[in-house]
Amino acid sequence: MSDQSTNPTSKKPRGFKDTLNLPATTFAMRANLAQNEPQTVARWEAASMYARIDDARREAGAPTFRFHDGPPYANGSIHVGHLLNKVLKDIVVRSRLMEGMRCPYTPGWDCHGLPIEHRVMIELHEKGKAAKLATLPEDSRRIAIRRECAKYAEKFIKLQAVQMQRLLTLADYDEPYLTMDPQYEARTIEVFAELVEQGVVYRDLKPVHWSIENQTALAEAELEYEDREDPQVFVDFEAVDREAVGKAFEVEIETTPSFMIWTTTPWTLPANLAIAVGPRYRYVLARLDGQESVIARELLQAVVEQCGIEEVEVLAECAGSDLLGLEYRHPLLERIGRIVEADYVTLEDGTGLVHTAPGHGQEDYRTGQREGLEVYCPVLGDGTYDETAPDWLQGKSIWDGNELITARLRESGHLVHHELFMHSYPHDWRSKTPVIFRSTEQWFVAVDRPTKRDGQSLRAMAMTATGENVNFIPAWGRKRMQGMIESRPDWCLSRQRAWGLPIPAFRMPDEQVLLTPASIRAVAAAFEARGSDAWFSDRPAELLEGWDPASDPDAPEGVDVTTLEKMQDIFDVWFESGSSWAAVMRARGQGIPADLYLEGSDQHRGWFQLSLLPALGATGEAPYRTLLTHGFMVGKDGRKMSKSSGNALSVDELLKDFGADVCRWWVCSLPFENDIKVDLDFFRVAGESYRKIRNTLRFLLGNLADFDVDRDGVSLDSIEPESIDAWALAEAVRVEQRVRHAFSTYAFRDAHQVIYDFCNETLSAIYLVATKDRLYCDAVGSPRRRRTQTVMHAISSLLCRLLEPVVPHTADEAFRALQGSEDANVHLCEPLDLSARCDHEWSAVMNLRHAVLKALEEAKAEGIDNPLDAGIVIPDPEGTFGRFGDDLADVCGVSRARCVASLGEVAIEDLRNEPRCDRSRKRDGTVRERSDGAMLSDRDAAAIGLDPAN
RNA sequence: GGGCUCAUAGCUCAGCUGGCUAGAGCGCACCCCUGAUAAGGGUGAGGUCGGAGGUUCGAGUCCUCUUGGGCCCA
């Protein structure tokens, strides 16, 4: 047997490596992203890339895609959630640009709000500046705090903007929108004016956490929970109608029973307006030491023990729902209350009947709203009872009220039991004093009031908009958002804080409130000129300079601007971000409605909804056409990410270890609408997959080193349909269409998959392997080689375009290598719109290839390990394959192929005894010893300049 | 507790309006190449679709219940 590694007849094998056209390129195998991307960012910035592209598209008269960025909060460093969100957005922007569209994109930040103010206050405390602040007049104090907050926000906007640019996102970072900019503030205030004009803004009571010590409302973040000793009391509320109760329990009752409640805040009892029960729980009527009371069945035993009741007799039982509507007498004053239902009634403690005071609790408030109860709060800001309380309580502190009320109840026989106990209770974080719930006046947007425009309520309009006019991705977003809109309460717009946009309302000496569309717009003008700090530095008359009461039909009778007092509420920050459609899209001429809002699915209740309501109120139209949501990052185990569980990843670390393009490549691969599992391993996998793409690109570029399209390229139209090049080009055409379609429908994952498969399967495994021989061994200028290079050039150019939205740095780098010019700019490219004529039997050839590969695998058993030691015999009764010529052998990776007319399976020919070309390693049948002593095929001999005849 | 949602090979995911032996990539195993080489190529082994019940001639794909996640409310 012959030695397979050498030719038996060859005298001394010589190397032909120098005579081959091997790949060469500056496009490195190792990407070195962490090091190179920052340079790319700097280069783009220096070239004003965003502006340049926008100008180019504008000049070309391109259609505009209106995309609006939701503002992240200007606090802290960006996290993986931001990475996901910003990269998805950037893929949208870049893929639209790559379609030749215009896509202005203004990044924004949410600047106001409690988290920043809270941080700043802590810092002021730590620096010892807080005490001095407290001595300032209120307006000056607020301005001082606001100044610190603004500095804080600016610092993080700068930080985040750099981080976002490091993610290679393309946006107008020179002119971002900030909700604290005077312009933005003015536009927000104007939206408010439009809502007031529509008659949906009102002022009403609502319970909030209240610090008696500081006489102010507090937000959740300003509370500290500390142990405190409080009384707990069990109180009997006597039923009004004995028979009605009997009917509910289906028994005869002789004495009037009571409803027993439990509370740890006896001081709120004067404000009791209802008792809540759980409709699905079971309640019993029991005789307890002679007194008949209603109590939850599950809690009877516990109550009996706690209250030390000795005689217990259960008389009857019913469902909570049977009790609804029954009435009771208030034990302290002349008032009839009602049994209502509530979902927060639990069987964990108490009696299963919950004392409900809508003026003193969030849940009670909601129940009260639903049941049409008054928001009654007889407690003043200083923690004393007002004149509506019983006279023995008026002027007394509520803490004294606890004892007074308990004593009173004991005297009147309503008190079942009283004891002190320790529990965790909210305290004012600054004064360390206990906090109470107290209802205060707040501003609201009514969702059910008819608007002046056409009488439709905001809720009705929102239901129509989300039901019919807005497109949801994924589709279930519609159901989710509609469910939220259906059940949402009125929007409480006001906050009692310093760091925010003031609600431009004034109080007249007679307590009337001045807030008309015209007065609001006058303040908007003042804010636009001087910023919203003007609210604290200017007098009312100055703020209302542009307002003429005489020409304002809504102006209150006898208003005098010199006697007005500025009210101190600020807007809920959601109202500011919810006005961005006006303050950014409309104000900057980008136009409304936006084509797309893209955020996490938490924004169905947040930004999406709170942008929809103001826009519907102000314009009657939704501010967006399509809402796209992504899911949330969870850990490898599918559980929520948090610093404490240690599964949180740092974006800076990811960028350092993998680079932005790898992170982006990963993002593009995600089914983003569901939860997204994040783990370092997944980035490693993405890195591997990125390298495959990169190597394919590198190989393409390497084989184009001696190629100049203008000089060497052939016309794509002239490519023979039966050539492998026509097939590759046709595949590329399909890929282009599929990827562009995927991008335009936000099916990023599909785009990722199609690109990946194209690079690995179509190119790397098939086309590039099949054409290696001709690229390396054909004479440099052979038409066959030039034809393949022409197609490879077109495919490279296409790949750069398709990859640009996902891995812009890599696409940029590859494109510049392809064009051989540092100035080449892939970002300014438009679609190629390739076309190809390809023999329809190529799919049959690919099936054949598959069969050949299997046969070759089997041939290994006979010792044919190397496919170049094999030839194939193709049964071709229909004459299908003959016209594909030498490409058949190349596509199958064998030395030669021949077709026979007979039927049957593909056969493998053992060519190990035939001479092998020293240069191409093929045994193609033309190999023989040449004049220089080497074994060469005709093609190779000619390629190195030998006369084929010798 | 309520609304929406997810659960398919070791891992990450496809599976449209119910219908051929449930697909892909990664990983893994074995092999080839050593002229894409801190590369490239080939072949192959792995799931009965979270669990239970039901509708249907037929269900991963519809219904009910259930378990475990996520978002938003409470």
Side-chain angles (χ1 to χ4, degrees), chain A residues 15-25 27-30 278 280 342-346 362-363 366-367 472 474-489 600-606 609 629-641 666 669-671 673-679 681-682 684-689 691-692 694-703 747 749-750 752-754 756-757 760-761 763-766 768-770 772-773 775-777 849-850 852-861 864-869 892-893 919-921:
Chain A
F16 283 93
K17 192 164 177 173
D18 296 344
T19 72
L20 298 173
N21 317 305
L22 293 177
T25 173
F27 187 80
M29 182 177 282
R30 283 182 54 89
R280 273 179 293 195
D343 51 16
Y344 49 81
V345 177
T346 72
Q362 303 269 20
E363 294 175 328
R366 279 186 45 253
T367 302
F472 285 82
W476 48 257
R478 184 186 310 281
K479 240 197 287 181
R480 178 171 154 96
M481 194 165 166
Q482 289 214 295
M484 290 171 173
I485 289 168
E486 221 165 7
S487 62
R488 72 150 301 134
S601 60
D602 55 339
Q603 303 304 339
H604 279 131
R605 178 169 290 275
Q609 190 179 141
T629 53
H630 59 250
F632 279 72
M633 299 290 197
V634 296
K636 198 179 190 173
D637 55 357
R639 285 169 191 278
K640 124 175 34 201
M641 299 231 300
W666 171 73
S669 76
L670 299 170
E673 56 272 23
N674 300 327
D675 295 339
I676 294 147
K677 290 188 186 174
V678 212
D679 189 78
D681 277 343
F682 304 157
R684 291 194 191 104
V685 171
E688 286 299 308
S689 141
R691 282 173 49 209
K692 301 270 284 181
R694 187 177 176 88
N695 265 322
T696 302
L697 222 34
R698 176 174 136 91
F699 188 68
L700 285 167
L701 295 171
N703 282 108
R749 187 169 209 285
D750 290 353
H752 178 274
Q753 179 122 353
V754 171
Y756 185 75
D757 288 348
N760 287 298
E761 191 65 17
L763 295 179
S764 192
I766 304 177
L768 301 183
V769 167
K772 248 187 204 180
D773 171 75
L775 289 166
Y776 292 0
C777 303
R849 173 177 179 272
H850 204 70
V852 170
L853 291 175
K854 281 212 155 152
L856 283 170
E857 197 68 22
E858 284 159 21
K860 284 181 181 173
I864 307 175
D865 286 335
N866 187 341
L868 281 179
D869 289 336
C892 297
R919 187 166 176 268
S920 68
R921 292 163 184 166

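Reminder, nothing fancy here: chain letters follow the sequence lines and each chain counts from 1.
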Any side-chain N or O of A:K640 less than 4.0 Å from the OP1 or OP2 oxygen of B:C71? yes
Is the positively charged end of A:R921 above the ring of A:F16, judged by distance under 6.0 angstrom from the centroid and angle within 45° of the axis? no
Among B:G70, B:G42, B:G3, the one nearest any side-chain atom of A:F632 is B:G70
Euclidean distance for P, B:G23 against B:C30 (whole angstrom): 26 Å
Could you check which nucleotide pairs with B:C71 in any of the strands shown, counting Watson-Crick or G-U wobble with both distances under 3.5 Å? B:G3
Hey, does A:R480 have a side-chain heavy atom less than 4.5 Å from the side chain of A:S601? yes
Under 30°, 30 to 60°, or over 60°: which ring-plane class applies to A:H630 and A:F632, parallel, tilted or perpendicular? tilted
Looking only at atom C1', what distance separates B:C11 and B:C73, rounded to whole Å? 34 Å
What nucleotide, of B:U43, B:G35, B:C26, holds the atom closest to the side chain of A:V685? B:C26
Pair assignment for B:A52, Watson-Crick or G-U wobble, requiring both distances under 3.5 Å: B:U64
List in chain and number order the residues that pass salt bridge (Lys or Arg N to Asp or Glu O under 4.0 Å) with A:E688, two or more places apart in sequence or in another chain; answer none if no residue qualifies. A:R691
Using heavy-atom distances to pick each residue's nearest nucleotide on RNA chain B, tell me which of A:K479 and A:R921 is more 5'. A:K479
Roughly how many Å apart are B:U64 and B:U56, using the C1' atom of each and rounding to a whole number? 16 Å
I want to verify a distance call: between B:C71, B:U43, B:U12, whose nearest atom is closest to the A:R480 side chain? B:C71
Considering only atom P, compute the distance from B:G54 to B:U12 and round it to an integer number of Å. 32 Å
Which one, B:A38, B:G68, B:G35, comes nearest to the side chain of A:R639? B:G68
Flag the pair A:L700 / A:F27 as yes when at least one side-chain heavy-atom distance between them is below 4.5 Å, and no otherwise. no
Counting only Watson-Crick pairs (N1-N3 plus N6-O4 or O6-N4) and G-U wobbles (N1-O2, O6-N3), all under 3.5 Å, who is the partner of B:U34? none
A:T696 (side chain) and B:A36 (base): donor-acceptor pair under 3.5 Å: no
A:N760 CG to B:C26 P, straight-line distance once rounded to whole Å: 7 Å
With respect to the side chain of A:N866, which nucleotide from B:C13, B:A36, B:C33 is positioned closest? B:C33
N or O in side chain of A:K772 less than 4.0 angstrom from B:G35 OP1/OP2: no
Just to confirm, is there a sub-4.0 Å distance from OP1 or OP2 of B:A24 to any side-chain nitrogen or oxygen of A:Y756? no
Rounded to whole Å, please give me the gap between CG in A:L670 and C1' in B:U12. 9 Å
Counting side-chain heavy atoms from C-beta on, which of B:A74, B:G41, B:C72 comes nearest to A:K692? B:G41
Looking only at atom P, what distance separates B:C49 and B:A7, rounded to whole Å? 14 Å
Taken to the nearest 0.5 Å, the spacing of A:L856 CG from A:R849 CZ works out to 10.5 Å
Compare the minimum distances between each of B:C31, B:A39, B:C13 and the side chain of A:R691, then state the nucleotide with the smallest one. B:A39
Closest approach to the side chain of A:P23, judged atom by atom: which nucleotide of B:G41, B:A36, B:C71 is it? B:A36
Going by purine N1 to pyrimidine N3 plus the second Watson-Crick contact, or the G-U wobble pair, all under 3.5 Å, which nucleotide sits opposite B:C28? B:G44
I'd like to check A:P23 versus A:F699 (side-chain heavy atoms, cut-off strictly below 4.5 Å). Are they in contact? yes
Given the C1' atoms of B:G15 and B:A9, what is the spacing between them in whole Å? 14 Å
Which base sits across from B:A22 as a Watson-Crick or G-U pair, both distances under 3.5 Å? none
May I ask which nucleotide in the shown strands pairs with B:A9, Watson-Crick or G-U wobble, both distances under 3.5 Å? none
Separation between the C1' atoms of B:C71 and B:A59, rounded to whole Å: 29 Å
Separation between the P atoms of B:A22 and B:G46, rounded to whole Å: 13 Å
Below 4.0 Å: OP1/OP2 of B:G69 and any side-chain N or O of A:K677: no
Just to confirm, is there a sub-4.0 Å distance from OP1 or OP2 of B:G25 to any side-chain nitrogen or oxygen of A:S689? no
First encountered from the 5' end of RNA chain B, between A:R749 and A:G477: A:G477
B:G42, B:G35, B:U5: which one has an atom nearest the side-chain heavy atoms of A:A765? B:G42
